[in-house]
Amino acid sequence: MIFSPFSGQNRSPNTNIRNKRATPAYLLGNTSARTIHSKVNRRAGTVTIRMIMSTNSELAELFRTAAAVMEIKGEPVFKSIAFTKVARLLEEMPDDIRQAVEDGSISRMEGIGKSSRKIIEDYIRTGVSPDVEELKTSIPAGLIPMLQVPSLGPKTIALFWKQRGITSLDELKVALESGKLEGLKGIGAKKLQSIREGIELLSASGGRKGLVEALDIAGQILKQVRSIPGVKRAQIAGSLRRWKETIGDVDILASLKQSDHSGSDVTEAFTRFPQVTRVLGRGQTKASVLTASGLQVDLRIVPDDHFGAALQYFTGSKEHNVKLRSIAQTQGMTLNEWGLYRIEDYDKSDKQTGKPPEAKPVASKSEPEIYSALGLSYIEPELREDRGEIELAQNNRLPKLIELSDIVADLHTHTTASDGQNSIEQMVEAALRLGYKTLGITDHSKSQVIANGLSVERLLAHVKQIRAIAERTRGIRVLAGCEVDILSDGSLDYEDAVLSELDFVIASPHVSLKQDGEKATNRLLRAIEHRYVNIIGHPTGRLINARSGLHPDWSRVFESAKQAGVALEINAGWPRLDLNDINARSARSAGVMLSINTDAHSVDQLDQMILGVSVARRAGLEKSDVLNTLEPRDLMSFFAKKR
DNA sequence: GCCGTTTTCGGCCCGACTGTTTTCAGTCG
């Protein structure tokens, strides 16, 4: 893993020194976390919030709705599981599903059967699916949002509807107050109370939290868990360990020093942490709390001998684990949070709740042991999404993921010349401290008036100044670049004669981010083919949880970038992370070079490189896929090839 | 609903916690 709180397996020992400089202090809960937060909020706060949906995401939502309706209707669970899988497939598909329908490749897609194909085809042709519409009318529409309420599931929703006529969240609230729901079989006072709290929780939390906020809180709480008497080791698990861009809740796993030590004492101490505003549940091996910001944190306790199995289990993803368990089954084994067991040794009825099974596990102490016993090479947490990593592991063909210590350049940074907060010299010093061999200074171009974009005269003076500093600086190559706006028609914000003065050029879209896919494609293609462009910065312009950004035809963009020798950026700045993991993955398989840059507007923000590396790792990128791992000389020849 | 070199029918991952229960259903991850 990349740094200590998440430290796992298989990190090469020679990265230790570099990791020291790279350890993000904010993870441990000190001040620079707050710096990132304030920057993020300031940047995100200026942004108009409106999502544009692509066909894929519209259809994904349609399938999720259909799945929800089937759950409430009480149809066999596997039907709704199948539709949920289709929804996920659509969301993660880099290309427009309309293309697959047109060329017929949809009929070969695994997981999309006859019914799903019909829904997709109908929807693309007419904008509506009669099958789903019919399904939707079979229950009141208001029941579907009720599934979002924690502790309220499809069975109970159906019960309230059929027995008490509840058809919406508002009616549910009224009924809870009036006592209308009392006297139902299987529903007591406590259940009603937990539904009341669930409704409250839903309005308070407001959905998934961003990675950066979750890292901050998780870092603080992890430190406190490690200091509870009786705790032997503790580690972050869950989607945070996989570095997902948004986090539903934080999972922390702890083991006990001695097996006779009580887990109950530990969960008790955990629920009394200062950050805790509400205790959602507490048992021998598990506790759940809510923090002031509305983030849920779960603590799980296991015997130390089972730490690896539990870490694997609670790191997920759920989809990854489901597939692993089915592989275990085909090999006559069963996999659970306690370990991997041979079925003939494993007597389920004999098992005590909250205690490891009597049987001797095939593997349980460490994650590598478990993967190995299943005939798989070790899969890094960032890859565990069931996006083909298990099949690669079976054939020993997993990529060797890029690490933070492989990064020797940051090619997208701002200074006080435009809207940055530090001088060229300060940025150079900070880059030297990070051990970088190249730093690209890339302030904004003239159209970015809000960001104090540089007029031609100011740009030329700025370049001169960068060159002077570069001249007298040892140990790092300082490049005079620019982040040039890609205007809405794909033309650039400076004339060629101006661009030719620069060492390299990043071209980025900042405006017209709601234009349609065809326009967006042509816009990006034109920029890529431009003689002086070397990198496309934050290619979609999306902001996590705020703006969906451009939806170009990626296959054309990738093909063009590959041919032209232009790198596509993984912008490491929060809340951009653009390209995202899915697009970066398909860019890689199309043979495109990626460039991970922080877009730092201050020296502190240079630390966000780790976020970009996490996206790259989730995308399965190796060192050789990333421009920023090149020595200055090789980097310059990559740029030179373009002109 | 989807899938198939052990299946075109019969499978489809597993356990903890909670609440309403005297043996289990629902929810969650």
Side-chain angles (χ1 to χ4, degrees), chain A residues 63 66-67 69-72 74-87 89 107-119 131-132 135 146-160 183-195 197-198 201 237-239 247-251 253 263-264 267 279-288 296 298-302 306 309-310 312-330 333-341 343 346 348-349 351-357 386:
Chain A
F63 277 99
V69 173
M70 290 193 293
E71 276 195 305
I72 294 170
E75 303 217 12
V77 284
F78 295 107
K79 292 172 88 171
S80 61
I81 289 174
F83 271 8
T84 307
K85 279 184 184 164
V86 175
L89 218 62
S107 55
R108 295 188 300 276
M109 286 180 170
E110 199 174 324
I112 300 183
K114 215 173 133 195
S115 306
S116 299
R117 192 169 76 229
K118 178 163 184 299
I119 292 171
D131 298 344
V132 177
L135 193 60
M146 287 166 64
L147 282 169
Q148 301 304 310
V149 177
S151 77
L152 183 59
K155 297 287 195 311
T156 314
I157 292 172
L159 183 74
F160 288 171
L184 282 168
K185 188 171 155 57
I187 306 291
K190 282 190 176 173
K191 182 75 195 162
L192 291 176
Q193 185 51 31
S194 74
I195 294 170
E197 288 173 8
L201 224 66
S239 51
I247 305 294
D249 54 26
V250 172
D251 290 296
L253 185 68
S264 195
T267 55
V279 179
L280 300 172
R282 189 175 74 82
Q284 284 271 325
T285 63
K286 178 184 167 181
S288 281
Q296 184 176 325
D298 295 344
L299 176 69
R300 325 264 181 161
I301 299 174
V302 295
H306 298 266
Q312 195 290 316
Y313 184 88
F314 291 116
T315 295
S317 66
K318 195 178 173 201
E319 291 79 6
H320 175 90
N321 285 353
V322 165
K323 189 164 272 184
L324 280 196
R325 287 197 283 267
S326 79
I327 287 175
Q329 282 209 323
T330 64
M333 296 187 282
T334 181
L335 177 65
N336 56 41
E337 64 202 82
W338 301 105
L340 184 64
Y341 296 85
I343 289 190
Y346 192 77
K348 212 172 169 180
S349 62
K351 208 183 115 28
Q352 277 179 280
T353 262
K355 291 233 166 73
D386 188 24

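Letters A, B, ... are given to chains in the order of the sequence lines, protein chains preceding strands, and every chain is numbered from 1. Here the structure is a predicted model, which means the values were calculated and not measured.
The listed nucleotides are B:dC13, B:dG26, B:dG29; the one nearest the side chain of A:Ser326 is B:dC13. Considering only side-chain atoms of A:Pro150, the nucleotide from B:dC13, B:dC28, B:dC3 that sits closest is B:dC28. Comparing B:dC13, B:dC28, B:dG19 by their closest approach to the side chain of A:Phe78 singles out B:dC13. Set against B:dC13, B:dG1, B:dT27, the side chain of A:Arg325 has B:dC13 as its closest nucleotide.
In this structure, CG of A:Asp298 is placed 12 Å from P of B:dC17, rounded to the nearest angstrom. The separation between A:Arg117 atom CZ and B:dG1 atom P is 14 Å, rounded to whole Å. Atom CD in A:Glu319 sits roughly 19 Å away from atom P in B:dC12 (whole-Å rounding). Atom NZ of A:Lys185 and atom P of B:dG19 are 18 Å apart (whole Å). Atom CD of A:Gln148 is separated from atom P of B:dG29 by 11 Å (rounded to the nearest Å). Taking atom CD of A:Glu197 as the reference point, atom P of B:dC28 lies 14 Å away to the nearest angstrom. Taking atom CG of A:Asp386 as the reference point, atom P of B:dC13 lies 12 Å away to the nearest angstrom. We find that CG of A:Leu159 is positioned 11 Å from C1' of B:dG26, with the value rounded to whole Å.
Pairing each heavy atom of A:Pro356 with each of A:His306, the nearest pair is CB-NE2, 3.5 Å. The two residues A:Ile247 and A:Ser239 come nearest to each other via the heavy atoms CD1-OG, 3.7 Å. When all heavy atoms of A:Leu159 and A:Lys185 are compared, the pair lying nearest together is CD2-O, 4.1 Å.
If you check every strand for non-hydrogen atoms under 4.0 Å, A:Phe83 touches sugar and phosphate atoms only. Contacts of A:Leu335 with the nucleic acid, taken as non-hydrogen atoms under 4.0 Å apart, involve only primed sugar atoms and P, OP1 or OP2. Looking at heavy-atom distances under 4.0 Å, A:Thr334 makes contact with sugar-phosphate atoms alone, never a base. Counting any heavy atom pair closer than 4.0 Å across all strands shown, A:Val302 reaches no nucleic acid atom. Using a 4.0 Å heavy-atom criterion, one finds that A:Arg282 contacts the sugar-phosphate atoms exclusively. Looking at heavy-atom distances under 4.0 Å, A:Lys318 makes contact with a base. Residue A:Gln329 is in sugar-phosphate contact alone, with no base atom involved, counting any heavy-atom pair closer than 4.0 Å across all strands shown. Using a 4.0 Å heavy-atom cutoff across all strands shown, A:Pro154 reaches sugar-phosphate atoms only and no base atom. Nucleic acid contact for A:Ala189: sugar-phosphate only, since backbone atoms but no base atoms lie under 4.0 Å from a heavy atom of the residue. Residue-level contact check: A:Lys85 touches neither bases nor backbone, having no heavy atom under 4.0 Å from any strand. Residue A:Ile81 is out of contact with every strand shown, counting any heavy-atom pair closer than 4.0 Å.
Atom C1' of B:dG15 sits at a distance of 25 Å from the matching atom of B:dG10, rounded to the whole Å. Using C1' as the reference atom, B:dT22 and B:dG29 are 28 Å apart when rounded to the nearest Å. On the P atoms, B:dT18 is 34 Å away from B:dG11, given to the nearest whole Å. Nucleotides B:dC2 and B:dT8 have their C1' atoms positioned 12 Å apart, rounded to a whole Å. When the C1' atom is compared between B:dC12 and B:dT7, the two are found 13 Å apart, to the nearest whole Å. As rounded to the nearest Å, B:dT21 and B:dC17 have C1' atoms that lie 14 Å from one another. Straight-line distance between the C1' atoms of B:dC13 and B:dC28: roughly 14 Å, to the nearest whole Å.
Taking CD1 from A:Ile187 and OG1 from A:Thr156, the interatomic distance works out to 5.0 Å, rounded to the nearest 0.5 Å. Taking OG of A:Ser288 as the reference point, atom CD of A:Gln296 lies at 4.5 Å (rounded to 0.5 Å).
Side-chain N/O atoms of A:Ser151 include none lying less than 4.0 angstrom from OP1 or OP2 on B:dT18. OP1 or OP2 of B:dG15 sits under 4.0 Å from a side-chain N or O of A:Asn336. Contact between the side-chain N/O atoms of A:Gln284 and the OP1/OP2 oxygens of B:dC17 is not found at any separation under 4.0 Å. Taking 4.0 angstrom as the limit, A:Thr156 places a side-chain polar atom (N or O) nearer than this to OP1 or OP2 of B:dT27. Residue A:Trp338 places no side-chain N or O under 4.0 Å from the OP1 or OP2 atom of B:dC14. Taking side-chain N and O atoms only, A:Thr285 has a distance below 4.0 Å to OP1 or OP2 of B:dC17. Taking 4.0 angstrom as the limit, A:Ser115 places a side-chain polar atom (N or O) nearer than this to OP1 or OP2 of B:dC2.
With respect to A:Asp251 and A:Arg300, a salt bridge is recorded, a charged nitrogen being found less than 4.0 Å from a carboxylate O.
The pairing partner recorded for B:dC2 is B:dG11, the criterion being a Watson-Crick or G-U wobble arrangement whose two distances lie under 3.5 angstrom.
For B:dT6, the base is anti relative to its sugar; the glycosidic angle deviates from 0 by more than 90°.
In terms of position on DNA chain B, the residue among A:Lys155 and A:Lys286 whose nearest nucleotide sits closer to the 5' end is A:Lys286. Nearest-nucleotide assignment on DNA chain B puts the 5′-proximal partner with A:Ile187, out of A:Ile187 and A:Gly153.
Counting heavy atoms from C-beta on, the side chains of A:Tyr341 and A:Met333 never come closer than 4.5 Å. A:Leu147 has its side chain within reach of A:Glu71: a pair of non-hydrogen atoms, C-beta onward, lies under 4.5 Å apart.
Evaluation of atom-type donor-acceptor distances gives a pair under 3.5 Å for the side chain of A:Tyr313 against the base of B:dG29.
Counting only N and O atoms by type, the side chains of A:Asn321 and A:Glu319 include no donor and acceptor under 3.5 Å apart.
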